[in-house]
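What follows is a short report on a single structure.
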Amino acid sequence: MTQVQECVEIINQHVKGFKPKIGLILGSGLGQFCDNINIKSTLNFTSLPGFPVAGVGGHAGKLLFGEVQGTSVVVMQGRAHYYEHGKADIMAVAIEVLNAIGCQSLVLTNAAGSTLEKASPGSVMLITDHINMTGVSPLFGADGNERFVNMVNAYDPKLSNDMRIAAKANNINLFEGVYAWFSGPQFETPAEIRAVKMLGADAVGMSTVPEVILARHQGIQLCALSVITNYAAGMSESDISHEQTIAFASKAADTVEKLLNSYLKNQ
Ligand code: HPA
């Protein structure tokens with residue numbers, strides 16, 4: 001049996017007939033959204049073979065099953081990052097499992113730095129496309145023609161539009177832009193930020209892109225949000241730190257909660 005099959009069996013025994021419609025992955029500092037879920041059951045990543053052991057502050061490492069606004073969801077509270085182990089496919093089993101247990105779509109969230117003056121810390125950005133600055137892929141070593149994944153409209157236009165509608169309904173100023181994935185764990189240099197700004201990046205971060213590639217490889221549709229926790233390196237006087245990331249992500253948590261509640265209600 002593969003790890004994915006093992007996980008599916010464990011989950012099926014645990015949740016007994018509960019079918020999640022939407023999978024959510026919560027980024028750094030966004031765990032507060034879980035208070036909002038009518039939780040039916042919880043599994044630790046440690047009891048799911050192949051799931052990442054989430055190690056970064058602000059990441060809990062739990063899979064929650066429940067309902068939000070009447071929509072059945074499975075929530076990954078915490079994720080693993082490429083920089084933790086140098087494995088770009090660290091989320092592969094988790095994404096395959098979300099697909100195998102029936103998720104029709106995913107919502108991915110992350111904390112990010114903004115390269116746009118207008119998108120200040122505390123604001124939220126809909127990711128419309130990405131730039132992979134790492135040169136690695138979670139599909140290295142995959143076989144079959146499916147590995148040549150089409151990345152046009154990877155961020156699903158219909159789901160992204162649903163997010164815009166949710167923002168409008170709640171008077172949320174939802175920014176939009178291109179997310180550049182850096183490996184981390186060091187933050188970027190000011191020169192790197194100037195470079196990606198010229199390439200068209202509006203936000204920078206250390207996550208999400210591997211999951212987008214893995215999900216598209218699985219044929220899962222998705223949309224994604226960045227919570228802006230800081231101006232990117234060299235853009236402001238204040239130092240960038242992980243502590244600041246967590247603090248500002250928590251500040252934006254109310255906005256994210258409203259946005260996701262409204263989005264999920266209409267899925
Ligand atoms: N860079 C990379 N990752 C981040 C940042 C940043 O400025 N802020 C939050 N995550």
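Just so you know, ligand 1 is whichever comes first in the structure, and atom 1 is the first atom listed for that ligand.
The environment of Asp239 atom CG is sparse: at most 12 non-hydrogen atoms of other residues, nucleotides or ligands sit within 6.0 angstrom. The number of heavy atoms from other shown groups lying within 6.0 Å of NZ (Lys40) is above 12.
The N/O atoms of Asn230, backbone and side chain alike, include one that comes under 3.5 Å of an N/O atom in ligand 1.
Near Thr245, meaning under 4.0 Å from any of its heavy atoms, are these atoms of ligand 1: 9 (C). Atoms of ligand 1 found under 4.0 Å from any heavy atom of Ala112 (numbered from 1 in listed order, with element): 5 (C), 8 (N), 9 (C), 10 (N).
Nearest protein heavy-atom contact of atom 2 (C) of ligand 1 is Glu188 OE2, 3.2 Å. Looking at atom 5 (C) of ligand 1, its nearest protein heavy atom turns out to be Gly113 N, 3.4 Å. Taking atom 10 (N) of ligand 1 as the reference point, the nearest protein heavy-atom neighbour is Ala111 O, 3.3 Å. With respect to atom 3 (N) of ligand 1, the closest heavy atom belonging to the protein is Gly205 CA, 3.4 Å.
Residues Asp162 and Asn266 bring no donor and acceptor atom of their side chains to less than 3.5 Å of each other.
The residue Ala233 has no part lying near ligand 1, judged by heavy-atom distances below 4.0 Å. Residue-level proximity to ligand 1 for Thr229 is carried by the side chain, the only part with a heavy atom below 4.0 angstrom.
Looking at every heavy atom in both residues, Ser114 comes nearest to Ile228 through CB-CG2, 3.4 Å.
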For Thr208 and Asn110: C-alpha separation, side-chain torsions, deciding distance, then whether side-chain hydrogen bond (donor to acceptor under 3.5 Å, both in side chains) applies.
CA-CA 7 Å; Thr208 308; Asn110 63 41; 2.8 Å; yes
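Linking ILVMFWY side-chain heavy atoms closer than 4.5 Å, directly or via other members, places Ile172 and Phe248 in two distinct hydrophobic clusters.
Between Phe65 and His14, the ring planes are tilted. Angles from 30° to 60° get that label.
Within the 4.0 Å heavy-atom cutoff, Phe182 does not count among the residues contacting ligand 1.
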